[in-house]
Amino acid sequence: MSGYRPGVLIGNWSEDASLEEERLRDFIQKRERGELLIQKIKKLQDNILKKIELSVSKDGFVHFGDTVMLLNPADQSSVENSAGACGSLTLAINLDEISIYSFESLRAPCGVSAAESADPVGRNTFCILSVDGSAVDEPVRFGQKFGLGTTGGFPDPMLYLASDHKSFIRFAKKSYLQQVFLTSERSYLTCWQAAFLDPQLRLESEGFPVPANSKIIITHCHTNRSLAIPRNFWTRSYFGKEYEVVCHTYLDSHKAEEDKNYWVIVTRNPGPEDGLMIDRPEPQPGGTAKKGCCEET
């Protein structure tokens, strides 16, 4: 029995050819509309990883309307941190795979995590929002309620940092503590306030402006629990290994908050070298050289 020649058409060749042409037309139409999966992911990455310019604090304080980063500073003296992350961590948006592959913008509810990157991009920058009618550019004061909003680098919509009491169905996945998330509605769940770092001076500091680029405590108003990064609970995300963010007040033997609750509201360096204020070298008193440098005689 002789075999078929290459030009012989067998089976449902007409239907297969029509199906292939239909697939090609559908592919071209989706590509022109920007609906291909690779186009959606690229657009999402271009926005959420887009470099953002932080606000400059001219008087050293935090103001309503400022674009800032929330940084949990490194503490090398902590023994417990040696088992987890020891460096500085920033509060950032954490997208699941469904959101990355399905949506072209942020959708609520959305998770948050702590990232090791300290570069200001769309996913780790937040805007200080007023909840009591305070005007833009007015300083935020200790004990005053404020909101934290982010668009993730997109034009809209804005999502708001929120938390609520944990329940049987709502809790942090790793530590089982109070969950922190992003929501699209402003309510009592999205209100926060800053507290002075030293608990012995906390009462006297009420009403004073909150300093930028200094350690403070950020507390959730509704639950009265402080924003924290335990640092020993991590998860794999689309952006790599990151750490869980919760609302829980960690107290030491002196009833003072531990470094897990320390936060720095980071602003931009106004100097010609640009960068962040936390990266700015400390001034040397008397114009002396830094330690380790040779002095001229």
Side-chain angles (χ1 to χ4, degrees), residues 55 57-78 80-81 88-91 112 114 126-149 160-166 172 175 177-180 186-231 245-267 277-278 282:
S55 300
S57 178
K58 297 180 180 180
D59 55 4
F61 300 121
V62 180
H63 303 83
F64 290 109
D66 284 353
T67 300
V68 299
M69 282 197 314
L70 297 179
L71 182 139
N72 182 246
D75 189 355
Q76 300 295 342
S77 62
S78 177
E80 185 177 352
N81 284 353
S88 299
L89 300 174
T90 57
L91 185 67
V112 294
F126 293 81
C127 181
I128 307 294
L129 305 173
S130 171
V131 298
D132 58 3
S134 298
V136 176
D137 294 333
E138 283 192 10
V140 182
R141 302 182 181 276
F142 285 114
Q144 183 180 15
K145 295 182 180 180
F146 62 89
L148 293 168
Y160 309 97
L161 190 70
S163 185
D164 198 1
H165 291 288
K166 68 176 182 178
S175 61
L177 296 174
Q178 185 173 311
Q179 185 182 25
V180 180
R186 300 182 68 174
S187 65
Y188 61 92
L189 299 179
T190 60
C191 293
W192 305 82
Q193 63 182 6
F196 197 75
L197 188 66
D198 189 346
Q200 295 183 347
L201 302 176
R202 196 161 293 171
L203 185 61
E204 291 83 349
S205 65
E206 288 287 332
F208 284 89
V210 177
N213 308 292
S214 300
K215 294 179 181 179
I216 60 172
I217 305 296
I218 299 179
T219 304
H220 188 240
C221 298
H222 175 60
T223 61
N224 199 31
R225 295 184 183 273
S226 300
L227 192 65
I229 302 178
R231 290 179 173 259
V245 179
V246 298
C247 262
H248 185 78
T249 305
Y250 292 90
L251 299 177
D252 58 17
S253 58
H254 302 284
K255 300 298 181 181
E257 288 83 0
E258 298 180 1
D259 61 312
K260 302 180 184 67
N261 292 120
Y262 293 174
W263 291 93
V264 175
I265 300 180
V266 181
T267 59
M277 282 297 296
I278 57 174
E282 296 182 0

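Note that the structure is a prediction, hence the values are computed from the model and not measured.
Inter-residue side-chain proximity for R231 and L89 is flagged as met; some heavy-atom pair is nearer than 4.5 Å. In this structure the side chain of L161 reaches within 4.5 angstrom of the side chain of L91, judged on heavy atoms.
A distance-only check finds no donor-acceptor pair linking the side chain of S163 to the backbone of V180 [under 3.5 Å]. The backbone N or O of D164 lies less than 3.5 Å from no partner atom in the side chain of T223, so there is not a single donor-acceptor pair. At distances below 3.5 Å, not a single donor-acceptor pair connects side-chain atoms of D66 with backbone N or O atoms of C127. With hydrogens and angles ignored, the 3.5 Å screen pairs no side-chain donor or acceptor of W192 with any backbone N or O of L148. A distance-only check finds no donor-acceptor pair linking the side chain of D259 to the backbone of N72 [under 3.5 Å]. Between the side chain of N261 and the backbone N or O of L227, at least one donor-acceptor pair lies under 3.5 Å.
Ring centroids of H248 and Y250 are separated by less than 6.0 Å, placing the two rings close together.
Of the listed residues (L71, L70, V140), just one forms a side-chain contact (heavy atoms from CB on, under 4.5 Å) with I265, and that residue is L70.
Applying the salt bridge (Lys or Arg N to Asp or Glu O under 4.0 Å) test to residues at least two apart or on different chains, none of the pairs has a partner in residues 134-148. Contacts classified as side-chain hydrogen bond (donor to acceptor under 3.5 Å, both in side chains) and involving residues 197-213 (residues at least two apart or in different chains) are given here: R202-E257, N213-T267. Contacts classified as ring-ring contact (aromatic ring centres under 6.0 Å, His included) and involving residues 127-148 (residues at least two apart or in different chains) are given here: F142-F196.
Of all heavy-atom pairs spanning G147 and V131, the tightest one is N-CG1, 3.9 Å. When all heavy atoms of F64 and S134 are compared, the closest pair comes out as CE1-CB, 3.5 Å. Between K215 and P73, the shortest heavy-atom distance links the atoms CE-CG, 3.8 Å. The two residues S55 and T67 have their closest heavy-atom pair at OG-N, 2.7 Å. Closest heavy-atom contact between Q179 and A172: CB-N, 4.0 Å. Annotation for V136 and G65: closest pair CG1-CA, 4.2 Å, computed over non-hydrogen atoms.
The CD atom of Q144 sits 11.0 Å away from atom SG of C191, with the distance rounded to the nearest 0.5 Å. With rounding to the nearest 0.5 angstrom, the NE2 atom of H220 is 12.0 Å from the OG1 atom of T249. Atoms NE2 and CD1, on H63 and I128 in that order, are 11.5 Å from each other to the nearest 0.5 Å. From I218, atom CD1 reaches atom OH of Y262 across 14.0 Å, with rounding to the nearest 0.5 Å. Here Y188 contributes atom OH and H222 contributes atom NE2; the two are 5.0 Å apart, rounded to the nearest 0.5 Å. Between R225 atom CZ and C247 atom SG the span is 9.0 Å, to the nearest 0.5 Å.
Listed by chain and number, the residues in a side-chain contact (heavy atoms from CB on, under 4.5 Å) with N224 are T219 (sequence neighbours excluded). Evaluation of the side-chain contact (heavy atoms from CB on, under 4.5 Å) rule for A162 yields F181, T183, L189, T190 as partners, not counting sequence neighbours. F208 pairs by the ring-ring contact (aromatic ring centres under 6.0 Å, His included) definition with nothing, not counting sequence neighbours.
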